[in-house]
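What you see is a predicted model, and the numbers here were worked out from it, not measured in a lab.
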Amino acid sequence: MNEKPFKTIVKRLNGDSVSPILLFRRLKGERKFLIEGTNSEGQKNQYTIIGMNPVKGFQMKNGCLLQKDYVNGFETELSIPMMEALREAIPATKVDLDFPFCGGYIGYFSYEGVQFYSPVGNDDIQIEPMQMDFYDTVFLYDHMKDEIICIHNEIERTYEEANVDQYIAAIFEEQLVEETNYELSDFNSYYSDEQFMELVKKTQEEISKRNLVQVVISNRYQANFQGNPFTMYRELRKETPAPYMFYFEYPDFSMMGVSPESIFNVKGNQIKVAPVTGARPRGKTAREDVQIELTLLQNVNEVKAHNMLVDSTTEDLMRICQPKTVFMTEYMKPVLFRHSIRLTSEVSGELLPKIHIVDAFSTMLPPASSTGVPKFDAAKLIGEMEEVRRSFYGGVVGYFSLNGFVNFTLLMQSMLIKENRAFIQSGANVLKDSDCEIALIEVKRKIKAFIAIEEKRSVVQY
């Protein structure tokens, strides 16, 4: 593990004349990202995180692990597993800052990337299974103080330091080109309604044969896309605000999404996981919302699915946490989002002293939320039943911060745009006694946010 000391510089700027969206647009660079969110009352998280121009990174490509040097423009093929490479790369020295992210590794693991096996099936998207990039300079927007926080880490290396003053000047002086519109066609599904319900029936037969409990079966939707993906993201964040909202730009694709849950959140030695199930449309009144909450809590299959997910999460945590520290801090609480009501629990624990954070992270993969219970057996069945690789769907996105904070969320309600095509995907929790039509409805309900913005193509005004 790298234990070399490094210097961290923090600059605070008055941000009352700059929104986070404007900040993102004015900061130019490669591999830009934006992470933000809201709570269940619709209030913004305290910080929006923005970064660009990583200095190095890891990437899985064609079965090989590559170490990238973006500054000098070369790459090295490594002969060690990706998790071992991350374990060695993440420094033991911690930045003494209480921000959610203050520089470090950030990126994604696709569904195949979190499985650690050779995937089967057709891959019509073809993105790398894993990309984790190291950002030495990041910007945070503090919504409580209307303040921009620039964090730069001076880490010993062989290339020129980032020009932080140039970045700061761009925040207030960069002239923007008008943001272009986007065109999104109707979505076409890989499986027809009849084919998907037949897939659910076949899955139920295998669940009974293999003595499984629950399997997440999904359907992919594809549309033609033209224009600016970031404009699309701006519509999505307004249509469906969520605790986790993100936008990533890579050289050959863009990825965006909203998510209600964190599958791995670490601060200090405390780890928290928030299993979420359900998803019922909001009522028109508060009275209707209460009735829907009661319907969720009284639905035998919903409660069963939620309990199985909580049990799986608890078992994972008990393998990486100190004995008798794993507790249910919140259980099956109905939470109101803008368009839906979901059942949410929270399980927490204290990490074992000698466990590396990367090893703890890999223990939580694959997330049972994206596979089923038991998760490895469910993942195996998914590989046999679904005809195309899931790619981004069911993976995770998040970061390992230099201050020791870690936060990853699911790539579930997400969209990937590549080569003028937009992909979304959605799954249903299938039990051996599930109703096939209800599973179909669940899948369609979960992509509602993207369908709702299908016709919103006007240029956003400032």
Side-chain angles (χ1 to χ4, degrees), residues 1 3 8 35-40 43-49 83 86-87 89-107 109 114 132 138 140 142 144 149 151 242-244 246 259-276 306 309-333 335 342-369 375 396-410:
M1 189 185 300
E3 297 186 3
T8 299
I35 298 176
E36 54 183 341
T38 62
N39 61 24
S40 57
Q43 299 170 331
K44 293 178 180 178
N45 293 347
Q46 182 173 356
Y47 297 106
T48 292
I49 309 168
M83 288 301 179
L86 273 176
R87 190 187 306 118
I90 294 176
T93 306
K94 301 293 192 298
V95 176
D96 188 20
L97 294 174
D98 194 29
F99 296 121
F101 185 72
C102 54
Y105 282 94
I106 191 164
F109 290 76
V114 305
M132 294 296 293
V138 293
L140 279 69
D142 187 334
M144 293 183 65
I149 303 163
I151 304 174
Y244 299 89
F246 54 87
S259 175
E261 64 183 299
S262 167
I263 60 102
F264 191 75
N265 186 313
V266 176
K267 185 175 181 180
N269 70 338
Q270 294 291 318
I271 177 172
K272 294 181 180 179
V273 183
V276 177
H306 191 85
L309 186 57
V310 168
D311 290 344
S312 177
T313 299
T314 302
E315 290 173 7
D316 286 342
L317 287 181
M318 290 180 71
R319 297 207 299 271
I320 57 177
C321 290
Q322 298 187 56
K324 299 181 181 180
T325 66
V326 178
F327 291 103
M328 184 90 63
T329 51
E330 196 168 76
Y331 176 63
M332 213 157 61
K333 176 184 176 182
V335 177
R342 300 171 184 261
L343 296 180
T344 301
S345 295
E346 184 180 87
V347 189
S348 65
E350 295 180 13
L351 290 171
L352 290 165
K354 295 184 179 180
I355 193 166
H356 193 286
I357 193 64
V358 172
D359 295 325
F361 170 67
S362 62
T363 298
M364 304 303 295
L365 302 178
S369 298
K375 61 183 185 179
V396 296
V397 61
Y399 55 78
F400 297 96
S401 178
L402 288 172
N403 59 0
F405 293 8
V406 184
N407 200 344
F408 279 82
T409 191
L410 281 170

* To do: Without swapping roles, check the side chain of K272 against the backbone of S348 for a donor-acceptor pair under 3.5 Å.
  => no
* Evaluation steps, side-chain contact (heavy atoms from CB on, under 4.5 Å), between I151 and F99 -> CA-CA 10 Å; I151 304 174; F99 296 121; 3.6 Å; yes
* Taking the side chain as every heavy atom from C-beta outward, state whether D142 and Q46 have any atom pair closer than 4.5 Å. => yes
* Asked: Does any non-hydrogen side-chain atom of N407 lie less than 4.5 Å from one of S262?
  -> yes
* Within-4.5 Å side-chain heavy-atom neighbours: V273 and L317 -> yes
* To do: Begin with the C-alpha distance, continue with both residues' side-chain angles, and end with the deciding distance and a verdict on side-chain contact (heavy atoms from CB on, under 4.5 Å) for F109 and F361.
  => CA-CA 12 Å; F109 290 76; F361 170 67; 3.7 Å; yes
* To do: Would you indicate whether the side-chain heavy atoms of M364 and I320 approach each other to under 4.5 Å?
  => yes
* Which heavy atom in L97 sits nearest to a heavy atom in C102, and how many Å separate them? -> CD1-CB, 4.2 Å
* **Rounded distance (nearest 0.5 Å) linking atom OG1 of T314 with atom CZ of R319** => 11.5 Å
Scan the side chains in residues 321-330 for donor-acceptor partners under 3.5 Å anywhere in the protein, sequence neighbours excluded, and list what turns up.
residue: Q322; atom: NE2; partner: L351; partner atom: O; Å: 3.4
residue: T325; atom: OG1; partner: Q322; partner atom: O; Å: 2.7
residue: T325; atom: OG1; partner: E350; partner atom: N; Å: 3.2
residue: T329; atom: OG1; partner: E346; partner atom: O; Å: 3.1
residue: T329; atom: OG1; partner: E346; partner atom: OE1; Å: 2.8

* How close do N45 and P243 get, heavy atom to heavy atom, and via which atoms? -> ND2-O, 3.3 Å
* From CA spacing to verdict: side-chain contact (heavy atoms from CB on, under 4.5 Å), V114, V396 -> CA-CA 8 Å; V114 305; V396 296; 4.1 Å; yes
* Kindly compute the distance separating CD1 (I263) from OH (Y244), expressed to the nearest 0.5 Å. => 9.5 Å
* So, do P367 and L365 sit near enough that their side-chain heavy atoms are less than 4.5 Å apart? -> yes
* Structure fact -> Looking only at heavy atoms, the pair that brings S345 and M332 closest together is OG-N, 2.7 Å
* Structure fact -> Taking every heavy atom of S369 against every heavy atom of E261, the minimum-distance pair comes out as OG-OE1, 3.4 Å
* Structure fact -> For N403 and P100, the nearest pair of non-hydrogen atoms, with its separation, is OD1-O, 4.5 Å
* Please examine the side chains of I35 and Y399, heavy atoms only from C-beta on, and report whether any two atoms are closer than 4.5 Å. => yes
* To do: Rounded to the nearest 0.5 Å, what's the gap from CD1 on I49 to CD1 on I106? Could you check?
  => 6.5 Å
* Structure fact -> d(L140 CG, E36 CD) to nearest 0.5 Å is 12.0 Å
* Structure fact -> CG of N269 to CD1 of I357, rounded to nearest 0.5 Å, is 10.0 Å
* Asked: Mind checking whether D359 and R87 have side chains closer than 4.5 Å, heavy atoms only?
  -> yes
* To do: Please report the closest heavy-atom contact between T409 and S259, naming both atoms and the distance.
  => OG1-OG, 2.8 Å
* **Aromatic ring proximity, centroids under 6.0 angstrom, F408 and F400** => yes
* Apply the test side-chain contact (heavy atoms from CB on, under 4.5 Å) to residues V276 and L343: give CA-CA distance (whole Å), side-chain angles for both, the deciding distance (0.1 Å), then the verdict. => CA-CA 6 Å; V276 177; L343 296 180; over 6 Å; no
* Structure fact -> One should read off an interatomic distance between M144 CE and K44 NZ, to the nearest 0.5 angstrom, of 14.0 Å
